[in-house]
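From a predicted model like this one, the values you see are computed outputs, not experimental measurements.
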Amino acid sequence: MKAAPAPETAASGLAELRRIGPLYRRYRRRYVIGGAAILGAVALRISVPYLLGRTIDVLRGAAQDPGASGLDQSELMRLALNGGLAVAGVALLGGAIRTLSRLMVLGNSRRAVHDLRGEVMAHLVRLSPSYYGANSTGKLMSRCVNDVQFVQSLLGPVFMYLSETAALYVVGLAFMFSVSVKLTLLALVPFPFFLWGARALAAKIQQYSRDSQEALAEISAKVEESLSGGMVVRSLALEDFDLDRFSGRCREYRDLNIRVTRIRARLGAGMTLLAASSTLVVLAVGGPMVTAGDISIGEFLSMVLYLNLLAAPTGVLGFVISSLQRGAAAMARVGELLDTEATLVDPEQPRGGGLKQGAIEVRDLTVVLRNEKGEARTVLDQVNFEVPSGGVLGVVGPTGAGKSVLLQVLARQLEVAREQVCYDGVDVHDWGLTQLRRDLGYVPQEAFLFSETLSANIALGRPQAEAVELAAALDASQLSKDLDQMPEGLDTIVGERGHNLSGGQRQRAALARVMLMEPRVLLLDDPFSAVDAGTTDEILTGLRPFFAGRTTVLVAHRVATVQHADHIIVLDEGRVVERGTHEELLTADGLYASLHRRQQQRASLRQELGGGD
């Protein structure tokens with residue numbers, strides 16, 4: 001995993017906003033309508049102080065000199081009522097247009113974030129397993145959920161409030177300049193000082209926001225780890241220890257968010273001080289101007305109302321700035337994920353037709369993997385072998401020898417250099433990923449089942465399979481014997497990750513799933529590790545007709561599982577140290593023979609003690 005980037009300046013953080021340009025452009029028509037509605041609503045809001053001021057000046061003039069105005073008391077009342085109705089009508093119309101603007105802009109933000117989530121998920125499924133080995137599930141979940149949610153604020157509230165604030169200032173200042181240029185300029189004096197301070201605070205908000213989001217990712221990773229390893233935690237009575245680790249990460253997240261809140265509070269206080277300072281200038285300078293007759297009382301009242309209207313968006317500006325910085329930090333994290341290039345991609349002109357023979361050839365295969373700290377480790381080193389069409393290759397070796405990684409490579413789950421792995425004499429890079437994987441039946445050691453019915457899990461790769469075919473796969477995998485133990489048979493919900501089933505049942509369900517797909521090449525990564533020796537023999541007997549005509553690579557921990565393979569290779573520390581048939585390897589008296597003797601001794605000891613496999 002990449003090291004966490006150093007805190008960026010506000011400018012570099014905001015540079016990440018270019019990534020959301022395509023999302024804006026995709027719904028530009030709605031954003032244009034929303035922007036126009038915002039402008040219209042602002043114009044109507046600003047016109048209220050203007051209409052109110054004009055009405056007050058007319059009424060004041062008529063009240064001071066009724067004869068000159070030619071209006072009696074009833075006409076004055078009618079004039080006041082008309083002015084009030086005009087203000088109310090403008091306010092109602094402005095409210096309706098303002099509602100339209102929010103429906104357009106906020107609705108767009110949800111549509112755009114829906115697209116972004118789809119884009120992130122589509123990119124994640126294209127990344128190879130090596131990427132997930134270097135990045136924890138919790139951190140990736142945090143980016144997909146929490147960070148994308150912060151990006152939504154950029155596409156909705158931030159856009160809306162920025163547009164509204166800009167429109168209010170432009171239209172409001174135009175009205176204010178029409179009343180008095182001098183008074184307006186004096187009222188704007190505090191603004192440069194505020195903007196200078198706000199810029200420094202915004203940079204800190206961006207820095208702490210990114211740190212808090214990283215801390216939230218750590219919490220997500222810890223929760224995922226604790227839930228997945230809950231059985232281990234309880235069996236070792238480590239509940240308090242695990243809770244302390246979780247609490248420590250929560251405290252770090254809390255402290256970072258408190259820092260952000262304090263800075264936002266300082267920013268909000270600055271906004272309030274700015275509005276109060278500007279109002280004070282208008283009162284101090286505008287009062288004598290009214291007395292001198294430079295402006296009317298109605299115009300003076302309009303100026304005060306204009307400042308109050310500008311004070312609201314100025315106060316919201318604190319939220320906008322902090323949300324902008326937080327959203328920019330989130331977009332940077334999402335961008336890092338999207339910038340990760342998928343190493344497993346389709347060629348420009350993929351080989352068509354699918355596998356015909358299923359022959360496998362591996363030449364000088366070397367695989368280097370990295371952990372979350374970025375440390376490299378050579379897992380496979382110069383591995384060579386061939387499996388003819390219809391042949392069965394057995395792979396054995398001690399734990400950590402690289403057997404599972406070899407199967408992942410053959411299943412096209414890990415990227416390797418060109419000319420190292422070929423199917424039917426064609427480099428794996430020249431086959432289309434989807435077509436090749438359909439021809440490869442891969443059963444990993446850790447069988448994964450979805451929280452669905454057992455039948456749905458088995459028919460996952462071939463949902464149109466008939467009941468007879470499903471029954472045949474169940475019989476061959478020996479899973480049919482366990483159906484009477486399940487409350488609803490094939491309709492039993494297996495639960496998340498198949499936790500309602502035993503380890504052996506999960507493995508046999510995964511095996512039945514692959515058998516139902518009828519692949520050209522069968523890749524079995526020790527699918528009997530959770531099954532007793534007697535059941536393993538029964539499964540292998542049932543699989544022999546299925547092996548016929550298919551190329552099979554069988555990885556096993558037990559030597560007895562692969563003893564009938566056409567050819568066997570022995571891996572140790574990533575290298576092929578022995579190869580041959582079962583009899584040849586026993587005669588060679590090397591690692592294979594040593595594994596065989598130890599396993600026979602353990603089996604004899606279990607029989608003497610009366611234990612199971």
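- Contact detail for Val443 and Pro527: the closest heavy-atom pair is CG1-CB, 4.0 Å.
- Counting heavy atoms from C-beta on, the side chains of His429 and Arg412 come closer than 4.5 Å.
- Contact check for Leu337 versus Leu124: side-chain heavy atoms found under the 4.5 Å cut-off.
- To the nearest 0.5 angstrom, Glu452 atom CD is 5.5 Å from Ile493 atom CD1.
- The salt bridge (Lys or Arg N to Asp or Glu O under 4.0 Å) search around Glu361 returns Arg363, not counting sequence neighbours.
- His582 is linked by a ring-ring contact (aromatic ring centres under 6.0 Å, His included) to Tyr592, His596, counting only residues two or more places apart in sequence or in another chain.
- Under the 4.5 Å side-chain criterion, counting only non-hydrogen atoms from C-beta, Leu440 is not in contact with Leu410.
- For Arg377, the CZ atom sits in a loose shell: 12 or fewer heavy atoms of surrounding residues, nucleotides or ligands are nearer than 6.0 Å.
- Evaluation of the side chain to side chain contact (heavy atoms under 4.5 Å, CB included) rule for Asp589 yields Ala593, Arg597 as partners, not counting sequence neighbours.
- The neighbour count for Arg462 CZ, taken as heavy atoms of other residues, nucleotides or ligands under 6.0 Å away, is above 12.
- Contact record, Leu595 with Arg598: CD2-NH2, 3.0 Å, taken as the closest heavy-atom pair.
- Around CD of Gln485, the count of heavy atoms belonging to other residues, nucleotides or ligands within 6.0 Å exceeds 12.
- Formation of a donor-acceptor pair under 3.5 Å by the Ser153 side chain with backbone atoms of Gln149 is not found in this model.
- Within the 4.5 Å cutoff, the side chain of Pro398 has heavy atoms near those of the Leu591 side chain.
- Rounding to the nearest 0.5 Å places NE2 of His557 at 13.0 Å from CG of Asp525.
- Proximity of Val409 to Val428: side-chain heavy atoms (C-beta onward) are nowhere separated by under 4.5 Å.
- Contact check for Ser480 versus Arg508: no side-chain heavy atoms found under the 4.5 Å cut-off.
- For Arg550, there are no salt bridge (Lys or Arg N to Asp or Glu O under 4.0 Å) partners at least two apart in sequence or on another chain.
- Between the Thr552 side chain and the Phe547 main chain, no donor and acceptor come within less than 3.5 Å of each other.
- Residues Thr434 and Arg438 have side chains that never bring a donor and an acceptor to within less than 3.5 angstrom of each other.
- Listed by chain and number, the residues in a salt bridge (Lys or Arg N to Asp or Glu O under 4.0 Å) with Arg544 amount to none (sequence neighbours excluded).
- Looking only at side-chain heavy atoms (C-beta outward), Val395 and Ile568 stay at 4.5 Å or farther from each other.
- Every residue was checked against the salt bridge (Lys or Arg N to Asp or Glu O under 4.0 Å) condition with Lys356, not counting sequence neighbours, and none meets it.
- Other residues, nucleotides and ligands contribute at most 12 non-hydrogen atoms within 6.0 Å of the CG atom of Asp240.
- Residue Gln382 places its CD atom among more than 12 non-hydrogen atoms of other residues, nucleotides or ligands, all under 6.0 Å distant.
- When side chains are defined from C-beta on, Met486 counts as touching Leu454, because their heavy atoms get closer than 4.5 Å.
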